[in-house]
Amino acid sequence: MKRISLIIAACAFITGCTGTIVSDKAVSVIPQPASIEMTEGSFRLTAGTQANFLYEAPELEYVAETLEDMTEDIFGKGIKMNLSSLDASKGINFILDEELPAEGYKIEVAEKTIDIASSTAAGAFYALQTLRQLIGAEAFTAEKVKAVEIPAVKIEDSPLLGYRGTMLDVGRYFFPVEDVKKVLDIMAMHKMNTFHWHLTEDQGWRIQIDKYPRLTEVGSIRKRTIIGKDPNGEYDENTPFDTIPHGGFYTKEQIREVVDYAAARFITVIPEIEFPGHSLAALASYPYLGCTGEQYEVRQSWDIEDRVFCPGKETTFEFLEDVLSEVVELFPSEYIHIGGDECPTKYWQKCPHCAKRMKEEGLKTFRQLQGYGIARVEKFLAKHGKHLIGWDEILEAGVTPNSIVMSWRGTEGGVKAAKQGNRAIMAPSTYCYFDYYQSKDRENEPLAWGGFLPLEKVYSFNPFEGLSETEADYILGVQANLWTEYIPNIKQAEYMLLPRLAALCEVAWTAGRGSYGDFLTRLPAMEEMYDACDYNHRSNIEKR
């Protein structure tokens, strides 16, 4: 574990009549850096400051754009970028240090220079997220700022975990591209690097597939939406519904736009295409994909659907391979998520196609039939250079060592996966389901799925609990999950994410994080940044 040296205090700003913003605070950064040392003096950032890039790398253009945007927000115009300057005697200098970890960085703020060292452009980008916090929220909201005094400090930092994820479910409620970009911006602020995009569900298919146009013509629209608490599918004429049809999907052009926007923030986008469960929108579009071939319709309530893909039919796998062939062309990610969770076998048990398949393959249980289907999908993805991720139910179906397990039903699935040599991502509902209530005072909170996940509980998460040091190496990272049964818009999504994402990002980033009390002393400065960005967030959770 890294030794952590910190000098941290609450944040306060003074705006003088000269238009200079002076921070009189000690450094307050989330996620907590590995090492911080305060030094004497400060750096005066003005519109005339120049940035010098002292090495070349293709993705440095993203870093330059980020710094230009940051300073434009402060001064009304971005500072000058010298992409080949060798003058490092003043200004903001980007320096290559190949000994630093891939996402690590060093920042040294002195009177004449801010030196940012990294071995990759990603490290430089994360350094800018820290610099944004050193500048402070006041600079981004005050009018006619002439200068910002940034306290002199030395920071050395790198992340604990390589996979730092956030999942957005757009199957239940569709989020327009601009709202998805807002989620990506929030992730970047918190140094999260993986966006899990849950694109298909019983309640809506959200991705354009050229070979199967009915997926979006039919599968992207449900005729009504249940409101209030879901009565487990047992609803009647008295059950309240919003009778306005709900729909939406992303064109391939929009998908590429989001992927590029994420890449500029050093975020990888992982799509989820559900198989074999959570698939009623696909069956409504192409009924032959189910066991019965009945005329299905897109689901209107939130409970688990019994009607799922039929793994007994070869046409099911033809469909999946066609769909995934188009998906892998859109997403550069090495991972494709296929779901694999909450799949009832009710209709498989009386399906002649499934019975025939089980006999031919020597399968004794219906979970083995599910495993057969997942193995086929995994083999297909491998041919395209992709790795399969599935929710922890895929362990019950049987997985190859190449499968990655995303543990959501507690941490047990991730622990089991790691012990048997499978890589795992920890996303347990007990710590990472941000659709849960943040307070026990539910009358003053927006309607949520249920459960209670306060900020302190998120911060207490140990993704390595129950694992030896060797087994812990199989944990790729952690992920926040935002299911949207009761989150119909971006403002509510922001509220459910923030500030809990601040707690989880520190779990993912900081190897030797301190106490929850210490985290709370740094949180007000981050909340000021949320306000500066006009993000809806819950404040001072424990005090309400």
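All figures in this text were calculated on a predicted structure; none of them were measured in a lab. Numbers here simply count residues along the sequence, with the first being 1.
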Inset, instruction - Would you sort out whether Tyr212 and Phe319 count as a ring pair (Phe, Tyr, Trp, His ring centres under 6.0 Å), showing the intermediate values? - result: CA-CA 9 Å; Tyr212 298 97; Phe319 168 84; 4.7 Å; yes
Legend entry - Derivation and outcome, side-chain hydrogen bond (donor to acceptor under 3.5 Å, both in side chains), residues Thr225 and Asp242: CA-CA 5 Å; Thr225 300; Asp242 179 345; 5.9 Å; no
Inset, instruction - Would you check, one step at a time, whether the test side-chain hydrogen bond (donor to acceptor under 3.5 Å, both in side chains) holds for Glu342 with His278? - result: CA-CA 8 Å; Glu342 296 180 327; His278 291 279; 2.9 Å; yes
Inset, instruction - Under the side chain to side chain contact (heavy atoms under 4.5 Å, CB included) rule, what do Leu160 and Thr510 come out as? Steps first, then yes or no, please. - result: CA-CA 6 Å; Leu160 170 66; Thr510 306; over 6 Å; no
Inset, instruction - Kindly indicate, with the supporting measurements, whether the criterion ring pair (Phe, Tyr, Trp, His ring centres under 6.0 Å) is fulfilled by Phe266 and Phe125. - result: CA-CA 8 Å; Phe266 297 87; Phe125 179 80; 5.1 Å; yes
Inset, instruction - Please step through side chain to side chain contact (heavy atoms under 4.5 Å, CB included) for the pair Thr166 and Leu497, ending with a clear verdict. - result: CA-CA 9 Å; Thr166 303; Leu497 283 170; 4.2 Å; yes
Inset, instruction - Show your working on salt bridge (charged side-chain N to carboxylate O under 4.0 Å, His left out) between Arg299 and Glu201 and close with a plain yes or no. - result: CA-CA 9 Å; Arg299 191 163 190 84; Glu201 254 303 337; over 6 Å; no
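Close placement of the His246 and Tyr173 rings is indicated, their centers lying within 6.0 Å of each other. Taking the six-membered ring where the residue is Trp, the centroids of His196 and Trp483 are separated by 6.0 Å or more. For Trp509 and His190, the distance between ring centers is not under 6.0 angstrom.
Shown here is Glu314, whose CD atom has more than 12 heavy atoms of other residues, nucleotides or ligands within 6.0 Å. By the neighbour-count criterion of 12 heavy atoms within 6.0 Å, atom CD of Glu465 is sparsely surrounded, having that number or fewer from other residues, nucleotides or ligands. Crowding of Lys252 atom NZ: a count of heavy atoms from other residues, nucleotides or ligands under 6.0 Å exceeding 12. Remark: Glu253 CD is loosely packed, at most 12 non-hydrogen atoms of other residues, nucleotides or ligands lying under 6.0 Å away.
Remark: Glu178 does not engage Lys182 in a salt bridge, criterion side-chain N to carboxylate O under 4.0 Å. Ion pair Glu318/Lys313 not flagged as a salt bridge, since none of the NZ, NE, NH1 or NH2 atoms sits closer than 4.0 Å to an Asp/Glu carboxylate oxygen. Salt bridge annotation for Arg500-Glu494: absent, with no cationic side-chain nitrogen under 4.0 angstrom from a carboxylate oxygen. Salt-bridge check for Glu297 with Lys223: passed, with a basic side-chain N closer than 4.0 Å to an acidic carboxylate O.
Between the side chains of Tyr459 and Glu506, a donor-acceptor pair is found at a separation under 3.5 Å. Side-chain atoms of Glu378 and Asn402 form no donor-acceptor pair, as typed in the model, at a separation below 3.5 Å. For the 3.5 Å distance criterion, the side chains of Gln370 and Trp348 fail to qualify, holding no donor opposite an acceptor. For the 3.5 Å distance criterion, the side chains of Gln203 and Arg172 qualify, holding a donor opposite an acceptor. A donor-acceptor contact closer than 3.5 angstrom is absent between the side chains of Gln208 and Thr251. Side-chain atoms of Trp391 and Glu274 include no donor-acceptor pair closer than 3.5 Å. For the residue pair Ser301/Asp303, the side-chain donor-acceptor check at 3.5 Å is satisfied.
Side chain of Thr194 to main chain of Thr268: no donor-acceptor pair is present (N/O by atom type, distance under 3.5 Å, no hydrogens or angles). Proximity of a side-chain donor or acceptor of His384 to a complementary backbone N or O of Lys386 within less than 3.5 Å is not detected. No side-chain donor-acceptor contact under 3.5 Å links Arg522 to the backbone of Ile30. Put simply, the side chain of Asp202 gets close to the backbone of Ser279: a donor and an acceptor are under 3.5 Å apart. Between the side chain of Asp435 and the backbone N or O of Leu482, no donor-acceptor pair lies under 3.5 Å. Checked by atom type and distance alone, the side chain of Glu326 never pairs as donor or acceptor with a backbone atom of Glu321 at under 3.5 Å. Within the 3.5 Å criterion, the main-chain N or O of Gly410 finds a donor-acceptor partner in the side chain of Ser407. Side-chain atoms of Asp341 never come within 3.5 Å of backbone atoms of Glu393 as a donor-acceptor pair (strictly under, hydrogens ignored). Side-chain atoms of Ser158 never come within 3.5 Å of backbone atoms of Gly104 as a donor-acceptor pair (strictly under, hydrogens ignored). Side-chain N or O atoms of Arg206 include one that pairs as donor or acceptor with a backbone N or O of Gly171 at under 3.5 Å.
Nearest heavy-atom pair, Thr470 versus Tyr474, reported as atom, atom and distance to 0.1 Å: O-CD1, 3.8 Å. The two residues Ile394 and Ser403 come nearest to each other via the heavy atoms CD1-CB, 4.3 Å. Between Ala188 and Gln129 the shortest heavy-atom distance is O-CG, 3.4 Å. Scanning both residues, Pro446 and Gln492, for their nearest heavy atoms gives CB-NE2, 3.6 Å. Shortest non-hydrogen contact noted between Arg222 and Val298 is CB-CG1, 3.7 Å. Closest heavy-atom contact between Phe434 and Leu501: CE2-N, 3.6 Å.
Using a 4.5 Å cut-off on side-chain heavy atoms (C-beta onward), Val405 and Arg423 make no contact. Using a 4.5 Å cut-off on side-chain heavy atoms (C-beta onward), Pro245 and Arg224 make no contact. Taking the side chain as every heavy atom from C-beta outward, Tyr535 and Pro499 never approach each other to under 4.5 Å. With a 4.5 Å cut-off on side-chain heavy atoms, Tyr347 and Arg307 count as touching. Inter-residue side-chain proximity for Leu381 and Val328 is flagged as met; some heavy-atom pair is nearer than 4.5 Å. The shortest side-chain heavy-atom distance between Trp197 and Tyr250 falls under the 4.5 Å cut-off. With contacts defined as side-chain heavy-atom distances shorter than 4.5 Å, the pair Ile207/Ile255 qualifies. Side chains of Pro276 and Pro311 form no contact here, defined as non-hydrogen atoms less than 4.5 Å apart.
Of the inter-residue distances, the one linking Lys383 atom NZ with Leu324 atom CG reads 13.0 Å to the nearest 0.5 angstrom. Taking CZ of Phe366 as the reference point, atom CD of Gln368 lies at 11.0 Å (rounded to 0.5 Å). With rounding to the nearest 0.5 Å, the separation of SG in Cys533 from CG in Leu498 is 10.0 Å.
Cation-pi geometry between Arg164 and Tyr126 is met: under 6.0 angstrom from the ring centre, within 45 degrees of the axis. In this structure, Lys457 is not positioned above the aromatic face of Phe461 in the sense of NZ or CZ being under 6.0 Å from the six-membered ring centre and within 45° of the axis. Both tests pass for Arg265 against the ring of Tyr261: distance under 6.0 Å to the centre and angle within 45° of the axis.
Ring planes of Tyr286 and Tyr288: perpendicular class, angle over 60° (limits at 30 and 60°).
Asp534 is linked by a side-chain contact (heavy atoms from CB on, under 4.5 Å) to Lys491, counting only residues two or more places apart in sequence or in another chain.
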